[in-house]
Amino acid sequence: MAVGIFAVFTGNGKGKTTAALGHVARALGHGKKVCVIQFIKGGWQTGEEQFYTSCPGVDFHVRGRGFTWKSEDLDKDIEVARKAWSFAQEIIKANQYDLLVLDELTYLAHYSMISEEEILRSIGERPPSLHIIVTGRYAGEKMIEQADLVTEMKEVKHPYKQGVKAQAGFDF
């Protein structure tokens with residue numbers, strides 16, 4: 001029986017979600033059942049959503065309203081975030097998946113929408129074989145300590161700083 005790994009992909013560099021989605025492809029290649037929940041994305045349709053919603057073996061849920069830090073209705077964002085987190089807790093307890101990706105979950109703790117303690121309690125109570133990947137900037141010290149694997153993406157150079165906007169098929 002597999003031992004569930006709790007992984008965190010954090011840092012200010014590009015590639016956190018991309019790395020998690022690579023794990024999704026890897027798991028699917030081995031016939032594993034996967035669930036992806038995106039907590040912030042939602043203001044536009046991403047390539048990963050378009051692709052993975054058509055793949056057997058993966059359940060893909062976009063539960064955000066876009067970039068929360070640009071929101072004009074933070075109360076609505078908090079309500080949406082809490083509903084999405086309740087949904088994630090149900091997924092964890094249901095024990096129907098081999099891999100669960102909680103994309104951009106760190107922002108919910110960072111912006112005090114959900115406490116880091118509550119997040120870590122639910123992850124700590126996961127079924128023993130469930131792999132969980134959490135992505136996003138600002139992973140807290142407690143999350144880093146509890147995780148089995150932590151990778152920090154470091155921005156060295158980014159085209160955005162030269163005025164190049166995000167591009168379909170590369171950035172989303």
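Position 1 is the first residue of the sequence; numbering continues from there.
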Are the side chains of [X] and [Y] in touch, meaning some heavy atoms are under 4.5 Å apart?
X: R137; Y: H110; result: no
X: V62; Y: Q45; result: no
X: I78; Y: Y111; result: no
X: F6; Y: M143; result: yes
X: Y52; Y: L28; result: yes

Give the minimum heavy-atom separation between [X] and [Y], together with the two atoms involved.
X: T10; Y: A139; result: OG1-N, 3.3 Å
X: E48; Y: T17; result: OE2-CG2, 4.0 Å
X: V34; Y: A27; result: CG2-CB, 3.7 Å
X: C35; Y: H61; result: SG-CD2, 3.7 Å
X: V150; Y: I144; result: CG2-O, 3.8 Å
X: A20; Y: I133; result: CB-CG2, 3.9 Å

For the [atom1] atom of [X] and the [atom2] atom of [Y], what is their distance to the nearest 0.5 Å?
X: E79; Y: D75; atom1: CD; atom2: CG; answer: 9.0 Å
X: Y97; Y: L130; atom1: OH; atom2: CG; answer: 10.5 Å
X: Q89; Y: I114; atom1: CD; atom2: CD1; answer: 7.5 Å
X: D171; Y: T46; atom1: CG; atom2: OG1; answer: 12.0 Å
X: I123; Y: E116; atom1: CD1; atom2: CD; answer: 9.5 Å
X: L100; Y: N95; atom1: CG; atom2: CG; answer: 11.5 Å

Just by distance, with hydrogens left out, do Q38 and E49 show a side-chain donor and acceptor under 3.5 Å apart?
-> no
Sequence neighbours excluded, every pair satisfying salt bridge (charged side-chain N to carboxylate O under 4.0 Å, His left out) that has a member inside residues 21-37 |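 Every pair satisfying salt bridge (charged side-chain N to carboxylate O under 4.0 Å, His left out) with a residue in residues 21-37: K33-D59.
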Are F170 and M153 joined in one hydrophobic group, where the rule is that I, L, V, M, F, W and Y side chains link up if heavy atoms are under 4.5 Å apart?
-> no
ILVMFWY network linking F87 to V134, side-chain heavy atoms under 4.5 angstrom | yes
Would the distance check show the side chain of [X] and the main-chain N or O of [Y] forming a donor-acceptor pair, the cut-off being under 3.5 Å?
X: S129; Y: V3; result: no
X: R126; Y: I92; result: no
X: Q146; Y: L120; result: yes
X: T151; Y: F9; result: no
X: K16; Y: G11; result: yes
X: H158; Y: Y160; result: yes
X: N12; Y: E155; result: yes

Matching residue for L102 among L108, T135, I132 - test: side chain to side chain contact (heavy atoms under 4.5 Å, CB included) =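 Option passing the side chain to side chain contact (heavy atoms under 4.5 Å, CB included) with L102: I132.
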Should the heavy atoms of other residues, nucleotides or ligands under 6.0 Å from CD of Q162 be counted, would the total exceed 12?
->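 Counting neighbours around CD of Q162, more than 12 heavy atoms of other residues, nucleotides or ligands fall under 6.0 Å, so yes.
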ring-ring contact (aromatic ring centres under 6.0 Å, His included) against F51, all qualifying residues, sequence neighbours excluded | none
